[in-house]
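Structure record follows, encoded as structure tokens.
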Amino acid sequence: MNLLKPWREYLPIGMYLQIGLFLGFYVVLYTAYSQLPINILRDVVYYLGVGVPCAELIHFIAPVEQVAAVQNHIQSPLADLEIVRGCDGAGALFLVMAAILAFPTTIKRKLTGLVLGVLLIYSLNLIRISGLYFIVAYYKDWFQVIHTYLAPTLLVIVACLFFAWWAWGASRTSYEPC
């Protein structure tokens with residue numbers, strides 16, 4: 001008796017399709033993102049979509065910081081935090097989007113998941129970048145570890161937990177009372 005079944009016996013054929021769809025969606029999203037010109041990212045996305053909201057959040061939390069968004073930078077007399085491609089939360093966002101798009105459920109549930117997922121990751125990313133500003137300003141020695149390892153890992157974990165929660169709800173069937 002063979003105690004170790006071939007790995008393909010553990011995954012139903014539909015799972016291969018979902019994995020392929022997930023990978024395909026992720027590659028398409030990341031490739032499209034990679035094609036955006038840096039001046040569009042710097043002057044529009046990072047400035048208006050990230051820098052200005054983060055500067056406003058920092059100003060709300062600590063008005064004495066005198067922060068300003070300048071292109072893809074959050075600047076103050078104490079710090080200059082640059083927002084660049086790859087450090088903008090796009091990876092976690094694309095993971096959530098690809099997972100939702102590949103999940104077998106209705107279009108309505110997918111759209112709901114996409115809207116909620118994008119809002120969650122975007123909000124968390126604004127909090128992450130605002131927090132990184134304070135790290136740069138007051139704890140420079142901690143920046144590399146927090147920016148490179150801790151913050152992105154937490155963002156991906158939250159993205160996975162969100163997807164698990166959403167997928168559980170999207171896969172439940174509604175039962176009519178008898």
Side-chain angles (χ1 to χ4, degrees), residues 21-103 110-166:
L21 284 172
F22 167 75
L23 292 173
F25 284 127
Y26 186 83
V27 167
V28 167
L29 289 166
Y30 206 86
T31 301
Y33 166 75
S34 299
Q35 299 304 310
L36 288 174
I38 192 65
N39 60 327
I40 298 290
L41 288 173
R42 181 191 63 229
D43 300 336
V44 178
V45 176
Y46 296 157
Y47 174 66
L48 294 174
V50 180
V52 171
C54 284
E56 290 296 322
L57 179 59
I58 294 165
H59 180 72
F60 178 76
I61 293 169
V64 296
E65 290 298 312
Q66 301 173 344
V67 295
V70 180
Q71 290 181 324
N72 62 325
H73 292 257
I74 299 172
Q75 298 176 332
S76 78
L78 295 175
D80 182 1
L81 179 65
E82 183 179 15
I83 304 158
V84 297
R85 191 186 308 256
C87 296
D88 54 7
L93 178 65
F94 298 154
L95 282 173
V96 168
M97 291 175 70
I100 289 169
L101 290 169
F103 193 81
K110 285 184 187 210
L111 289 175
T112 301
L114 287 171
V115 168
L116 292 175
V118 167
L119 287 174
L120 174 68
I121 299 301
Y122 177 70
S123 299
L124 290 175
N125 196 50
L126 293 181
I127 293 167
R128 177 185 71 90
I129 291 172
S130 299
L132 287 174
Y133 162 81
F134 287 105
I135 299 297
V136 168
Y138 296 101
Y139 303 99
K140 286 180 174 66
D141 294 341
W142 295 9
F143 178 77
Q144 195 62 35
V145 170
I146 291 173
H147 170 258
T148 306
Y149 301 108
L150 183 62
T153 302
L154 289 175
L155 197 58
V156 169
I157 288 170
V158 170
C160 291
L161 290 172
F162 168 79
F163 173 73
W165 170 79
W166 173 84

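Computed from a prediction, not measured in an experiment: that's the story for all the values here.
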Near Tyr122 OH, under 6.0 Å, is it more than 12 heavy atoms from other residues, nucleotides or ligands?
yes

Once rounded to the nearest 0.5 Å, what's the spacing between atom SG of Cys87 and atom OH of Tyr46?
8.0 Å

In Å and rounded to the nearest 0.5 Å, what is the CH2 to SG distance from Trp165 to Cys160?
15.5 Å

Does Ile74 reach the side chain of Ile129, with side-chain heavy atoms less than 4.5 Å apart?
yes

Compare all side-chain heavy atoms of Leu120 with those of Leu116 and state whether any distance is below 4.5 angstrom.
no

Do any N or O atoms from the side chain of Lys110 and from the backbone of Phe103 form a donor-acceptor pair under 3.5 angstrom?
yes

Check the pair Val50 / Asp88 against side chain to side chain contact (heavy atoms under 4.5 Å, CB included), numbers first and verdict last.
CA-CA 8 Å; Val50 180; Asp88 54 7; 5.5 Å; no

Before you tell me yes or no, could you show the steps for Asn125 and Arg128 under side-chain hydrogen bond (donor to acceptor under 3.5 Å, both in side chains), namely the whole-Å CA-CA distance, both residues' side-chain angles and the distance that decides it to 0.1 Å?
CA-CA 5 Å; Asn125 196 50; Arg128 177 185 71 90; 2.7 Å; yes

Do the side chains of Phe143 and Leu81 get nearer than 4.5 Å, heavy atoms only?
yes

If you measure from CD on Glu56 to OG on Ser130, what distance do you get to the nearest 0.5 Å?
10.5 Å

Please check: side-chain N/O of Tyr33 versus main-chain N/O of Gly86, any donor-acceptor pairing under 3.5 Å?
yes

Side chains of Tyr133 and Glu65, heavy atoms from C-beta outward: is any pair under 4.5 Å?
yes

Look at the rings of Phe163 and Trp166 and say which category their plane angle falls in: under 30° parallel, 30 to 60° tilted, over 60° perpendicular.
tilted

Backbone N or O of Ile83 within a donor-acceptor pair of the Asn72 side chain at under 3.5 Å?
yes

So for atom OH, which belongs to Tyr138, do other residues, nucleotides or ligands contribute more than 12 heavy atoms lying within a distance under 6.0 Å?
yes

Exactly one of Leu93, Leu150, Leu124 should register a side chain to side chain contact (heavy atoms under 4.5 Å, CB included) with Leu155. Which one does?
Leu124

What one should report as the nearest heavy-atom pair of Ala68 and Ala55 is C-CB, 4.3 Å

NE2 (His73) with more than 12 external heavy atoms under 6.0 Å
yes

Nearest heavy-atom pair of Ala98 and Leu29: which atoms, and what distance?
N-CD1, 4.2 Å

Are Leu101 and Leu21 side-chain neighbours, meaning at least one heavy-atom pair lies under 4.5 Å?
no

Any donor-acceptor pair under 3.5 Å from Arg85 side chain to Leu36 backbone
yes

For a 4.5 angstrom cut-off between non-hydrogen side-chain atoms, does Gln75 reach Val67?
no

Using side-chain heavy atoms (C-beta onward) and a distance below 4.5 Å, is Ile100 in contact with Phe162?
yes

Leu95 and Phe22, any side-chain heavy atoms less than 4.5 Å apart:
yes

Closest heavy-atom pair and its distance - Ile121, Ala159
CD1-CB, 3.8 Å

Can you give me the closest heavy-atom contact between Val136 and Lys140, atom names plus distance?
O-CG, 3.1 Å

Output yes when a side-chain donor or acceptor of Tyr26 lies under 3.5 Å from a complementary backbone atom of Val96, and no otherwise.
no

